[in-house]
Amino acid sequence: MDSSRPLRQRSVSRCGSFGDSVVTAVDDGAEKEGSSAEAVEPSEMKRVLTEESILKKSPLTYFLEKVSNGNSLWNTTTLGNEKGRERVYDTIFRVPWRCELLIDVGCFVCFNSFLSLLTIVPARVVMTFWKLLRTRKFKRLSTIELSDFGCFIIVACGITVLQQIDISLIYHIIRGQATIKLYVIYNVLEIFDKLCQSFNGDVLQMLFHSAEGLARCPPETQSMRFWIWRFISDQVLAVVTTIVHSFILLAQAITLSACIVAHYNALPALLVSNNFSEIKSYVFKGFKKDNVHSMMYFDSIERFHISTFILFVLAQNILEAEGPWFQGFLINALSVYLCEVAIDIIKHSFIAKFNDITPTAYSEFLEALCKQTLHMQSEDAKKNLKFVPLAPACVIIRVMAPVYAANLPYNPLPWKLFWIMLFSAITYILLTSLKILIGLVLNKHATWYVNRCERRKHHLHAD
């Protein structure tokens with residue numbers, strides 16, 4: 001064994017004559033126990049590892065050598081490239097801009113659907129009743145008419161049930177909790193809100209499918225009875241799930257109102273705990289492009305729900321606040337909204353960074369949303385924004401009704417009915433005007449953006 005050492009040393013020195021070349025020894029499984037070839041390290045690495053002059057240098061010489069030569073952070077960083085520079089600017093500029101644009105457009109799409117429920121659906125129901133009264137003949141309802149009646153019944157039942165709930169009692173119960181319990185309650189309600197939003201979308205699709213089957217089945221047949229009972233059962237299920245979702249949204253709005261009104265800074269604690277727990281839950285996990293697409297739509301719906309909560313707080317202040325309250329309300333509302341905007345931007349910027357999602361993906365998400373706005377058939381229906389405005393409508397009507405009632409003049413019943421009809425007509429006209437304005441702006445923006453994307457794809461293809 002001693003005679004083999006000089007031979008091995010000579011082989012190493014012979015390999016060292018090739019300069020910086022690397023010799024890799026490949027171990028064979030059959031010869032593991034025998035004499036295997038050793039890997040000869042590069043000459044530079046060998047020189048650094050065997051150099052004894054480092055140990056003889058003084059600390060001052062070592063420091064001056066490091067100051068004059070090399071990168072000061074070469075141990076923990078590497079030289080950048082163009083791709084790394086693009087990633088940095090994507091994280092702080094391009095992704096935040098496109099993310100916020102997509103969320104805002106999605107929020108306005110939700111608002112447009114909400115206004116459609118409050119303006120177009122009642123108009124269709126009234127027109128259907130007018131046709132029945134004018135002709136005095138029962139005409140079989142179409143799919144759209146059955147769907148509108150189903151939504152109208154759901155909202156009416158939801159408002160009726162929410163009218164029985166004492167908001168003041170729930171408010172004082174929630175306000176009596178400690179600060180930590182407030183944001184725990186808010187987080188739990190937010191989770192159930194997302195679950196109900198997803199499940200109610202499936203329930204409403206099921207109701208519309210039953211309405212289509214009932215409208216198309218031949219009359220006076222056995223299948224007619226089947227579709228009638230199926231429509232009724234789906235209607236009952238939709239009413240129950242919407243009531244549950246409405247109560248969750250109402251409780252969430254009451255919790256936010258309690259945090260805003262509280263005198264021990266409960267609102268900052270709620271915003272910090274809720275938003276930063278959201279960052280912790282999403283940023284450091286792996287996501288695919290389709291998951292980020294769905295997440296953007298959930299954030300748009302959440303932004304709309306926050307707007308309804310702020311409207312709830314405004315209504316409660318109008319009814320119960322004393323003294324100058326509008327400035328404090330405005331500051332708190334802006335704090336909630338701006339904090340939500342900042343957290344969404346941070347969350348999506350770093351999700352895109354950690355998962356190598358380019359800003360172009362967010363432009364594709366916006367293009368898909370614009371095509372949905374224009375009712376263009378998408379390749380995958382799962383990529384559509386699914387928003388059910390039934391529960392928010394129930395909450396808004398329940399909250400705003402006492403505000404209207406408090407401003408009615410004290411008159412006999414006939415005059416009170418007149419003022420109720422007048423306020424309702426003015427509100428309907430204002431909502432209809434807003435619906436027309438937002439619908440036209442969304443359609444114009446969607447048309448422009450889809451054409452812009454098509455022109456860009458054409459130019460890229462031509463190049």
Side-chain angles (χ1 to χ4, degrees), residues 107 110-119 121-122 151-152 154-175 182 185-186 189-190 192-193 196-197 200 239 241-262 267 270 301-322 325-326 328-330 332-334 336-337 340 387-408 419-420 423-428 430-432 434-435:
C107 184
C110 296
F111 188 42
N112 186 46
S113 177
F114 173 80
L115 292 175
S116 298
L117 180 65
L118 296 182
T119 57
V121 172
C151 293
F152 185 80
I154 291 171
V155 173
C157 294
I159 296 171
T160 304
V161 174
L162 290 183
Q163 287 289 345
Q164 310 304 319
I165 296 176
D166 190 353
I167 294 180
S168 300
L169 178 62
I170 299 177
Y171 173 80
H172 288 293
I173 292 175
I174 294 177
R175 189 179 179 183
L182 282 178
I185 292 172
Y186 190 86
L189 292 172
E190 187 175 13
F192 279 104
D193 169 34
C196 290
Q197 180 68 33
N200 285 359
V239 168
T241 55
T242 301
I243 290 174
V244 173
H245 191 195
S246 302
F247 180 77
I248 290 173
L249 290 179
L250 183 63
Q252 199 172 355
I254 294 173
T255 305
L256 182 62
S257 177
C259 291
I260 291 176
V261 176
L267 181 60
L270 174 67
I301 297 172
E302 183 182 8
R303 190 75 61 85
F304 177 78
H305 284 173
I306 289 176
S307 302
T308 61
F309 300 157
I310 292 175
L311 183 60
F312 170 85
V313 177
L314 175 62
Q316 293 300 111
N317 285 331
I318 292 174
L319 291 175
E320 301 177 2
E322 297 178 356
W325 56 268
F326 186 75
F329 162 78
L330 191 61
N332 290 325
L334 287 176
V336 172
Y337 190 80
E340 186 67 27
F387 172 66
V388 182
L390 298 175
C394 296
V395 173
I396 292 298
I397 296 175
R398 166 64 179 87
V399 169
M400 295 305 296
V403 177
Y404 279 84
N407 290 278
L408 287 175
W419 285 110
I420 290 174
F423 284 171
S424 301
I426 294 174
T427 304
Y428 183 81
L430 292 176
L431 292 178
T432 304
L434 189 59
K435 157 67 183 172

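Each residue takes its place number in the sequence, starting with 1. Only heavy atoms go into these numbers, but all of them, side chains included; no hydrogens, no water, no symmetry mates.
- In this structure, V313 and I310 have side chains that are not in contact, with every pair of non-hydrogen atoms separated by 4.5 Å or more.
- Among all heavy-atom pairs drawn from S246 and A391, the shortest one is OG-CA, 3.4 Å.
- Contact record, P122 with L117: CD-O, 3.2 Å, taken as the closest heavy-atom pair.
- Here the closest non-hydrogen pair linking I254 and F312 is CG1-CZ, 3.6 Å.
- Shortest non-hydrogen contact noted between I243 and C157 is CD1-O, 4.3 Å.
- The line from SG of C110 to CZ of R303 is 11.0 Å long, rounded to the nearest 0.5 Å.
- Nearest heavy-atom pair across A251 and T255 is O-OG1, 2.8 Å.
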Q: Might you work through the side-chain contact (heavy atoms from CB on, under 4.5 Å) test for Q197 and H305, ending with a clear yes or no?
A: CA-CA 11 Å; Q197 180 68 33; H305 284 173; 3.9 Å; yes
Q. Do W325 and I318 pass the side-chain contact (heavy atoms from CB on, under 4.5 Å) test, and can you show the C-alpha distance, the side-chain angles, and the key distance before you say yes or no?
A. CA-CA 9 Å; W325 56 268; I318 292 174; 3.9 Å; yes
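- Summarising the geometry, atom CZ belonging to F111 is positioned 10.5 Å from atom OG belonging to S116; distances are rounded to the nearest 0.5 Å.
- Of the possible donor and acceptor atoms, one in the side chain of Y428 sits under 3.5 Å from a partner among the backbone N and O of T119.
- In terms of modelled atom types and a separation under 3.5 Å, the side chain of D193 and the main chain of L189 share no donor-acceptor contact.
- For T241, the side-chain hydrogen bond (donor to acceptor under 3.5 Å, both in side chains) partners are N200, not counting sequence neighbours.
- In this structure the side chain of E302 reaches within 4.5 angstrom of the side chain of E190, judged on heavy atoms.
- Expressed to the nearest 0.5 Å, how far CD of Q164 lies from CD1 of I159 amounts to 12.5 Å.
- Atom CZ of F247 sits in a sparse spot, with 12 or fewer heavy atoms from other residues, nucleotides or ligands closer than 6.0 Å.
- Applying the ring pair (Phe, Tyr, Trp, His ring centres under 6.0 Å) test to F387 and every residue at least two apart in sequence or in another chain returns F304.
- The closest side-chain heavy-atom distance from F114 to T308 is not below 4.5 Å.
- Contact annotation: the side chain of I173 approaches that of L169 to within less than 4.5 Å [non-hydrogen atoms, C-beta and beyond].
- Listed here is the closest heavy atom pair of I174 and L182: O-CD2, 3.3 Å.
- Between the side chain of S257 and the main chain of A253, no donor-acceptor pair closer than 3.5 Å is present.
- The line from CG of L118 to OG of S113 is 9.5 Å long, rounded to the nearest 0.5 Å.
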Q: Evaluate the side-chain contact (heavy atoms from CB on, under 4.5 Å) criterion for residues T427 and Y404: first the C-alpha distance (whole Å), next the side-chain angles of each, then the deciding distance (0.1 Å), finally the verdict.
A: CA-CA 10 Å; T427 304; Y404 279 84; 2.7 Å; yes
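- Interatomic distance, CG of N332 versus CD1 of I260, reported as 5.0 Å (0.5 Å rounding).
- Looking at heavy atoms from C-beta onward, H245 lies out of side-chain contact with F192 at the 4.5 angstrom threshold.
- Between L162 and L250 the shortest side-chain heavy-atom distance falls below 4.5 Å.
- Counting heavy atoms from C-beta on, the side chains of I170 and I165 come closer than 4.5 Å.
- Counting only heavy atoms from C-beta outward, the side chains of I167 and R398 approach each other to under 4.5 Å.
- The aromatic rings of F329 and F326 are tilted relative to each other, their planes meeting at an angle between 30° and 60°.
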